[in-house]
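Only this structure's heavy atoms are used, side chains among them; waters, hydrogens and symmetry mates stay out. Just so you know, these numbers come straight off a predicted model, no measurement behind them.
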Amino acid sequence: MKKSFLQLVVSMGLIAFSARGINAGWVQTNGPDGGTINALALSGSTIFAGTSCGVFVSTNNGSNWTLSNSGLTEVGITTLAVTDSKILAGTAEGVFLSTNNGTSWTEVDSGLENKAVRALAVIGSTLFAGTRGGISLSTDNGTSWIGADSTGLNNRSTGVLIVLDSALIAGLHYGGGVTISTDNGTTWTSANSGLGTNKSISAMAAKNGSLFAGTEGGLFLSTDKGANWTQVAIELEDPVIEFLGVSGDQIFAMSRDGTFFSTNNGDTWTAVNAGFSPVFFKSILTNGNTIFVGTEDHGVLLSANNGTSWTSVNTGIKNTKVYNLVMHNGALFAGTQNGVFLSTDNGTSWTAADSGLTDLHVLNLIGNGSTLFTGTEGGSVFRSTDNGNRWTTIGDLTDLSCFARIDDMVFAGTSDKGVFRSTDNGTSWTEVNSGLPGTGISSLATINGSIFAGVYGGVFLSTDNGESWTKVNTGLPTSSADVLAASGNAVFAGYKFDGIFLSTDNGTSWTNVNANLPDAYIASILATDNAVFIGTEDGGLFLSVNNGTQWTPVDSGLPKFSMQSITWNNDTLFAGTMGSGVWRRPLSEMNVTIDVRRQRAAMQQNCSDLHLRASYNASRDIFIGFSLPRPEQVAVAVHDLSGHAIASLVNKRLVSGAYKLRWDTRAVAPGCYMIKLQAGAYASKTSVVVLK
């Protein structure tokens with residue numbers, strides 16, 4: 001079977017190498033914005049947002065944000081606290097202090113025995129840090145710390161600290177329950193009466209003198225400062241309360257079912273509606289009449305009407321998890337935990353492209369002609385035929401894990417039902433699992449009309465469009481290939497624990513090509529005719545120009561986040577990270593250039609006759625002829641000289657072959673007109689003259 005159109009486009013063609021060194025580095029694009037916000041804090045009029053990639057600061061009520069990480073040697077922020085004009089940031093590696101509104105940070109954790117900080121609190125001039133090893137305190141702005149758990153705590157892992165009046169209240173993990181200190185941490189008293197059998201505290205909040213505690217067994221309320229607790233009825237399938245927050249008279253509670261609020265101390269609850277569902281809160285603060293919440297996946301939300309409606313305020317928060325990047329119709333698309341985003345200017349700007357997506361956790365993307373497919377965490381498959389402007393649910397696939405395509409066939413791998421094939425652009429799907437040992441598909445790749453599948457049990461090959469599969473594991477580990485990629489005659493298989501392997505004989509045999517690679521989990525592979533890039537889960541990115549015989553690090557400037565997806569456009573390489581958005585770097589900096597002429601020739605080879613021919617009959621009707629070398633979604637329209645479309649001659653998917661369309665010009669004024677044809681990613685146009 002002929003080489004597929006996608007492989008020809010993805011192939012880099014001739015790659016040249018210059019005498020320049022591998023220099024400069026990666027630059028973060030302007031998004032996509034959003035991501036998970038672990039903590040929020042307010043100091044004066046400045047808002048601070050703690051994320052997995054550092055602290056973002058807003059001085060204009062969330063209209064835009066700036067990353068302020070100078071001095072942070074650990075950027076994974078777990079908690080924030082404010083004392084006077086000082087900002088404290090807790091991380092998995094200690095505590096950092098800023099005395100200049102986040103412009104710079106200094107590590108302040110001397111004496112902190114366990115630096116895995118989960119909570120911070122302030123009483124007067126005393127700072128408290130809840131860690132995996134217990135609670136410590138500092139009376140000198142964090143310069144030094146001492147244990148605060150000499151009596152009563154027994155070094156319990158502490159997940160939450162709150163202050164009620166002058167009492168410090170700690171929620172403990174691993175069944176430790178609630179414990180209270182009224183003498184600045186010198187002694188502690190358990191306060192667990194009525195909490196039931198599951199006393200692992202995951203969240204706490206104080207409201208009008210009442211205490212709320214979230215446990216793995218539900219939500220509890222105390223109206224006597226923890227002396228007694230009663231369970232609050234909240235109808236949830238998942239009883240584990242992971243977040244509690246207060247704004248005015250409202251209490252917010254979150255489990256894996258979403259976030260709910262109550263205005264009557266928990267007697268009744270209403271689901272938070274932010275325009276998507278479910279909504280997961282991680283942090284909250286109130287600034288005047290405005291509520292800010294940090295969410296899981298969706299960045300910062302703002303409500304100016306007591307939570308009735310919410311607006312995203314994420315401009316500048318480049319904290320997004322990017323699961324997949326794909327070039328489609330000249331645009332760069334990113335599948336993220338907050339929907340699909342597209343950029344038409346190499347990441348300088350991004351636009352949400354998720355209208356119609358009912359599940360915004362997008363894990364997979366693939367283009368097929370003029371159609372874009374996406375698979376989501378909830379298992380749904382969506383299709384867009386207008387460059388992401390609108391999505392519709394298709395088929396009945398669930399638990400989708402990966403995509404691949406051969407010519408006009410689209411293949412979908414699922415985590416529990418094997419491989420499915422569509423020959424009608426996703427309208428229907430057929431199971432094609434004959435010969436596969438199991439149903440869990442981790443990866444797919446196509447090459448020269450063949451398709452490879454990483455299965456929970458090995459790598460399998462089909463040479464008949466999935467009708468039958470054969471095991472091709474000679475030389476491979478026994479575990480499933482986490483990533484597959486192919487180009488030319490090379491197929492690469494990447495493993496989390498065993499590195500990368502190469503086959504040049506269609507899977508008959510495989511060779512380990514780890515060479516000088518460090519021990520790292522393989523997260524992504526971009527294979528081209530003469531170069532291959534691999535991204536790792538610890539943030540490393542490597543290039544080989546000799547099929548893995550030697551690898552060179554090309555990750556200067558990249559953050560230490562998993563490189564989940566790699567793609568390229570013309571002279572630029574893009575990397576999608578799991579927590580820091582999309583980054584880019586010129587290929588020339590890595591001694592890689594693209595022979596654009598060969599690339600264009602490859603494209604033209606697949607659309608060699610995609611040009612319009614106009615002819616006339618005696619009645620002055622105009623006939624538009626063209627030949628389609630492969631099935632595509634085709635639109636042919638007539639435009640006047642001002643660019644307005646005045647007639648549509650065809651707009652549907654056509655099979656390959658020659659076509660002749662008739663344009664009846666009887667109701668058209670004399671003059672010059674433009675006929676425009678769009679077939680998949682390709683276009684052609686011609687001018688015609690109407691005479692009377």
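For residues 95-107, every residue pair satisfying the salt bridge (charged side-chain N to carboxylate O under 4.0 Å, His left out) rule, not counting sequence neighbours, is listed here: Glu107-Lys115. Identified under the salt bridge (charged side-chain N to carboxylate O under 4.0 Å, His left out) test for residues 255-275, with sequence neighbours left out: Glu242-Arg256, Arg256-Glu296. For residues 157-181, the salt bridge (charged side-chain N to carboxylate O under 4.0 Å, His left out) pairs, not counting sequence neighbours, are Asp165-Lys225.
Atom OG in Ser58 sits 6.0 Å away from atom CG in Asn64 (nearest 0.5 Å). Met563 contributes atom CE, which lies 10.5 Å from atom CG of Leu325 (distance to the nearest 0.5 angstrom). In this structure, NE2 in His173 is found 9.0 Å from CZ in Arg132, a value given to the nearest 0.5 Å. Expressed to the nearest 0.5 Å, how far CG of Asn228 lies from OG of Ser222 amounts to 6.5 Å. How far NZ of Lys417 is from CG of Leu400: 11.0 Å, rounded to the nearest 0.5 Å. Taking CZ of Phe292 as the start and CG of Asn287 as the end, the distance is 6.0 Å to the nearest 0.5 Å.
Thr336 and Pro32 get closest at one heavy-atom pair: CG2-CG, 4.2 Å. When every heavy atom of Ala170 is checked against every heavy atom of Trp188, the shortest pair comes out as CB-CZ3, 4.1 Å. Closest of all the heavy-atom pairs between Ser193 and Ala227 is CB-O, 3.5 Å. Nearest heavy atom pair, residue Cys53 against residue Gly579, reads SG-O, 3.6 Å. Among all heavy-atom pairs drawn from Phe56 and Gly316, the shortest one is CE2-O, 3.3 Å. What you find for Ala129 and Val117 is that their closest heavy atoms are CB-CG1, 4.5 Å.
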Output side-chain donor-acceptor pairs under 3.5 Å for residues 79-97, partner residues at least two apart or in another chain, one line each.
| from | atom 1 | to | atom 2 | distance (Å) |
| --- | --- | --- | --- | --- |
| Thr91 | OG1 | Glu93 | N | 2.9 |
| Thr91 | OG1 | Gly94 | N | 3.2 |
| Thr91 | OG1 | Gly94 | O | 2.9 |

Counting only pairs under 3.5 Å, give me each side-chain donor-acceptor contact of residues 200-207, with atom names and distances, residues two or more places apart or in other chains.
| from | atom 1 | to | atom 2 | distance (Å) |
| --- | --- | --- | --- | --- |
| Ser200 | OG | Tyr174 | N | 3.4 |
| Ser200 | OG | Gly175 | N | 2.8 |
| Ser202 | OG | Gly214 | O | 3.2 |
| Ser202 | OG | Ile241 | O | 2.2 |
| Lys207 | NZ | Asn265 | OD1 | 2.9 |

Contacts under 3.5 angstrom, residues 36-49 side chains, donor-acceptor by atom type, not counting sequence neighbours:
| from | atom 1 | to | atom 2 | distance (Å) |
| --- | --- | --- | --- | --- |
| Thr36 | OG1 | Asp297 | N | 3.0 |
| Asn38 | ND2 | Ile77 | O | 3.0 |
| Thr46 | OG1 | Asn101 | ND2 | 2.9 |

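Residues Thr393 and Ser380 bring no donor and acceptor atom of their side chains to less than 3.5 Å of each other. In the model, Asn305 has a side-chain atom that pairs as donor or acceptor with a side-chain atom of Ser303 under 3.5 Å. For the 3.5 Å distance criterion, the side chains of Ser580 and Gln28 qualify, holding a donor opposite an acceptor. Under 3.5 Å, the side chains of Ser355 and Asn389 contain no donor-acceptor pair of N or O atoms. A donor-acceptor pair shorter than 3.5 Å can be found between the side chains of Asn100 and Ser98. A donor and an acceptor atom, one from each side chain of Ser181 and Asp183, are located under 3.5 Å apart. A donor and an acceptor atom, one from each side chain of Asn264 and Ser262, are located under 3.5 Å apart.
A 4.5 Å side-chain heavy-atom check between Val300 and Trp65 finds at least one atom pair inside the cut-off. Counting heavy atoms from C-beta on, the side chains of Leu72 and Val55 come closer than 4.5 Å. Between Leu211 and Ile162, the closest side-chain pair of non-hydrogen atoms falls below 4.5 Å. For the pair Thr290 and Leu302, the minimum side-chain heavy-atom distance is below 4.5 Å. Using a 4.5 Å cut-off on side-chain heavy atoms (C-beta onward), Ile180 and Leu168 make no contact. Using a 4.5 Å cut-off on side-chain heavy atoms (C-beta onward), Val340 and Trp391 make contact. A 4.5 Å side-chain heavy-atom check between Ser349 and Asn30 finds every atom pair outside the cut-off. Counting heavy atoms from C-beta outward, Val240 and Ser255 have side chains that stay 4.5 Å or more apart.
A donor-acceptor pair under 3.5 Å is absent between the side-chain atoms of Ser565 and the main chain of Gly576, judged by distance alone. Between the side chain of Thr131 and the main chain of Ile135, no donor-acceptor pair closer than 3.5 Å is present. Side-chain atoms of Gln337 come within 3.5 Å of backbone atoms of Lys321 as a donor-acceptor pair (strictly under, hydrogens ignored). Checking side-chain atoms of Ser401 against main-chain N and O of Gly413 turns up a donor-acceptor pair under 3.5 Å.
In this structure Leu360 satisfies the side chain to side chain contact (heavy atoms under 4.5 Å, CB included) test together with Phe276, His298, Asn338, Asp354, Leu357, sequence neighbours excluded. Residues forming a ring pair (Phe, Tyr, Trp, His ring centres under 6.0 Å) with His361 (at least two apart in sequence, or on another chain): Tyr323. Under the side chain to side chain contact (heavy atoms under 4.5 Å, CB included) criterion, Ser415 pairs with Asp399, sequence neighbours left out. A search for salt bridge (charged side-chain N to carboxylate O under 4.0 Å, His left out) contacts involving Lys560 returns nothing, not counting sequence neighbours. Qualifying side chain to side chain contact (heavy atoms under 4.5 Å, CB included) partners for Asn306, counting only residues two or more places apart in sequence or in other chains: Gln250, Ile291. By the side chain to side chain contact (heavy atoms under 4.5 Å, CB included) test, Ser63 is found to be paired with Asn60, residues two or more places apart in sequence or in another chain being considered.
Of the candidates Asp33, Thr29, Thr320, Thr29 is the only one forming a side chain to side chain donor-acceptor pair (under 3.5 Å) with Trp350.
Remark: Asp538 CG is packed, more than 12 non-hydrogen atoms of other residues, nucleotides or ligands lying under 6.0 Å away.
Between Phe281 and Trp310, the ring planes are perpendicular. Angles over 60° get that label, and only those under 30° would be called parallel.
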